[in-house]
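Predicted, not measured: the structure shown is a model, and the values here were computed from it.
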Amino acid sequence: MLDRVLRFVITILMAIVGLMLMRMASPLVTLLIGAEFSQMGIFGMTLTNILSVLFGAILGGALGFYSSPWMIKKLISFSVWVEAQLNKMPIHDVITGAIGLAIGLIIANLLGAAFSSLPIVGNYVPVIFSIVLGYLGMHITLQKRDEIASMMAGLVALFTRLVREIPRERDKEKDKDKQKKSDKSKYKLLDTSVIIDGRIADICKSGFIEGTLLIPVFVLEELQHIADSADLLKRNRGRRGLDVLNRIQKEFEMFVEIDERDFEDVSEVDSKLIKLAQVVQGKIITNDYNLNKVAELQGVPVLNINELSNAVKPVVIPGEDMIVCVVKDGKEFGQGVAYLDDGTMIVVEGGKKFMGETIEVVVTSVLQTAAGRMIFAKPKTAVEKGA
């Protein structure tokens with residue numbers, strides 16, 4: 001079946017070739033049959049053209065029909081030879097050669113278009129360029145296939161890395177944005193006492209507090225009332241609180257927000273603070289013992305500055321020696337009271353007689369409370385005598 005199809009195609013092609021050739025030779029036919037006879041025609045075609053077309057088509061078709069078995073045989077032999085050569089070549093050589101051939105033909109087409117306007121040879125230059133440059137492109141790429149393979153591998157690796165890095169960078173940016181949003185959403189509400197205390201500024205400076213510091217408007221109003229008080233001590237405390245807030249907002253990299261919500265149905269500032277913390281799902285920072293307990297009963301997390309201060313104080317164990325200065329009487333008979341540099345109170349049993357003196361004491365016990373830590377000690381001399 002394939003042989004018949006190929007024979008038919010070859011016959012048609014040869015008939016077309018013969019037709020075109022004889023049409024080009026129509027002037028010669030005109031001379032042979034005479035000019036007067038050649039003027040006769042039909043459908044706008046002269047007799048010369050009709051005879052040339054018929055003769056060329058019949059001659060070309062007959063030549064193609066009888067020569068097609070030989071041409072098909074040669075075509076099959078050529079295809080088998082090409083197939084055998086391609087089977088011997090590695091697949092990457094075949095691909096490289098095809099790429100080189102394509103590049104050569106593209107360049108030949110560009111150059112051929114520039115020379116196609118030349119007289120006589122203009123129609124044949126593109127064919128010559130296609131043959132020469134197609135062969136050169138295929139030959140050069142096969143010779144340089146190792147370098148081309150390494151270059152392609154590098155480009156593929158670079159492209160793969162870029163494809164992988166772009167989503168990673170996007171994910172990192174998204175994570176940073178989420179982290180910023182989550183940090184901002186972790187509200188820490190400041191109450192009046194902790195603002196006036198002032199230690200919150202140093203804690204913010206150390207970087208131990210994350211998230212957003214939320215200052216309720218009713219806390220600011222209370223600070224303003226304290227700052228405008230007729231009592232000098234209260235006025236100084238209120239102004240100090242305002243200075244602390246100003247320092248936190250300007251000097252440290254903290255998110256500070258003023259919340260305008262006010263609960264008119266609640267009169268106490270501490271109750272408003274607890275209610276606002278429940279609304280924003282934040283934590284209250286305070287040093288007020290009573291507010292601490294009430295907030296915990298209502299399920300609001302509390303960060304107590306005093307508890308933090310106690311946690312970072314040096315650990316003292318019973319039996320440890322210390323040097324202290326007794327500054328005042330204790331509540332019990334014969335007791336003296338001394339203080340460490342961090343404000344921790346030391347109750348010295350029998351220390352009243354050493355009032356105003358610096359003595360060496362031995363720690364007997366340590367009492368830890370929510371309000372602070374208290375150390376009980378005895379003079380070392382008394383301990384040595386008892387031993």
Taking the side chain as C-beta and beyond, is there a heavy-atom pair between [X] and [Y] under 4.5 Å?
X: Q335; Y: K352; answer: no
X: K188; Y: I209; answer: yes
X: E257; Y: L213; answer: no
X: I359; Y: V361; answer: yes
X: M345; Y: V337; answer: yes
X: L308; Y: I203; answer: yes
X: L340; Y: M322; answer: yes
X: L220; Y: Q224; answer: no

Steps toward side chain to side chain contact (heavy atoms under 4.5 Å, CB included) verdict (D259, V217): CA-CA 6 Å; D259 195 288; V217 66; over 6 Å; no

Checking the side chain of [X] only, and the main-chain atoms of [Y] only, is there a donor and an acceptor separated by less than 3.5 Å?
X: S77; Y: K73; value: yes
X: T212; Y: L214; value: no
X: R261; Y: V279; value: no
X: N236; Y: L232; value: yes
X: R235; Y: A227; value: no
X: T364; Y: F376; value: yes

[X] to [Y] - nearest heavy-atom pair and separation:
X: V244; Y: G198; value: CG2-CA, 3.9 Å
X: K205; Y: R247; value: CD-NH2, 4.2 Å
X: C325; Y: A338; value: O-CB, 3.1 Å
X: P379; Y: G350; value: CG-O, 4.2 Å

Basic-acidic side-chain contact under 4.0 Å: K272, D262: yes

Rounded to the nearest 0.5 Å, what separation is found between the [atom1] atom of [X] and the [atom2] atom of [Y]?
X: F218; Y: D270; atom1: CZ; atom2: CG; value: 9.5 Å
X: S365; Y: E349; atom1: OG; atom2: CD; value: 8.5 Å
X: I107; Y: L111; atom1: CD1; atom2: CG; value: 7.5 Å
X: I248; Y: D243; atom1: CD1; atom2: CG; value: 11.5 Å

Under a 4.5 Å side-chain heavy-atom rule over Ile, Leu, Val, Met, Phe, Trp and Tyr, are [X] and [Y] clustered together?
X: Y187; Y: I258; value: yes
X: M14; Y: L75; value: no
X: Y66; Y: V9; value: no

Side chains of T286 and D191, donor plus acceptor under 3.5 Å: yes

Check: T192/E222 side-chain N/O donor and acceptor closer than 3.5 Å: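 Side chains of T192 and E222: pair found under 3.5 Å.
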
CA sep, side-chain torsions, deciding dist, call: L223, I195, side chain to side chain contact (heavy atoms under 4.5 Å, CB included): CA-CA 9 Å; L223 274 177; I195 295 174; 3.8 Å; yes

With H225 via ring-ring contact (aromatic ring centres under 6.0 Å, His included) - residues at least two apart: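 By the ring-ring contact (aromatic ring centres under 6.0 Å, His included) rule, H225 matches no residue at all.
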
From V194, L189, N304, residue fulfilling side chain to side chain contact (heavy atoms under 4.5 Å, CB included) relative to I285: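 Going through V194, L189, N304 one by one, the side chain to side chain contact (heavy atoms under 4.5 Å, CB included) with I285 is satisfied by V194 alone.
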
Chi angles and distances behind the side chain to side chain contact (heavy atoms under 4.5 Å, CB included) call for V326, E357: CA-CA 6 Å; V326 181; E357 298 181 12; over 6 Å; no

Results of salt bridge (Lys or Arg N to Asp or Glu O under 4.0 Å) for D265 - residues two or more places apart only: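 Once residues adjacent in sequence are excluded, the partners of D265 under the salt bridge (Lys or Arg N to Asp or Glu O under 4.0 Å) criterion are K275.
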
Exceeds 12 heavy-atom contacts within 6.0 angstrom, atom CD of Q298: yes

Side chain to side chain contact (heavy atoms under 4.5 Å, CB included) assessment of F263 paired with L276: CA-CA 8 Å; F263 304 95; L276 180 60; 3.8 Å; yes

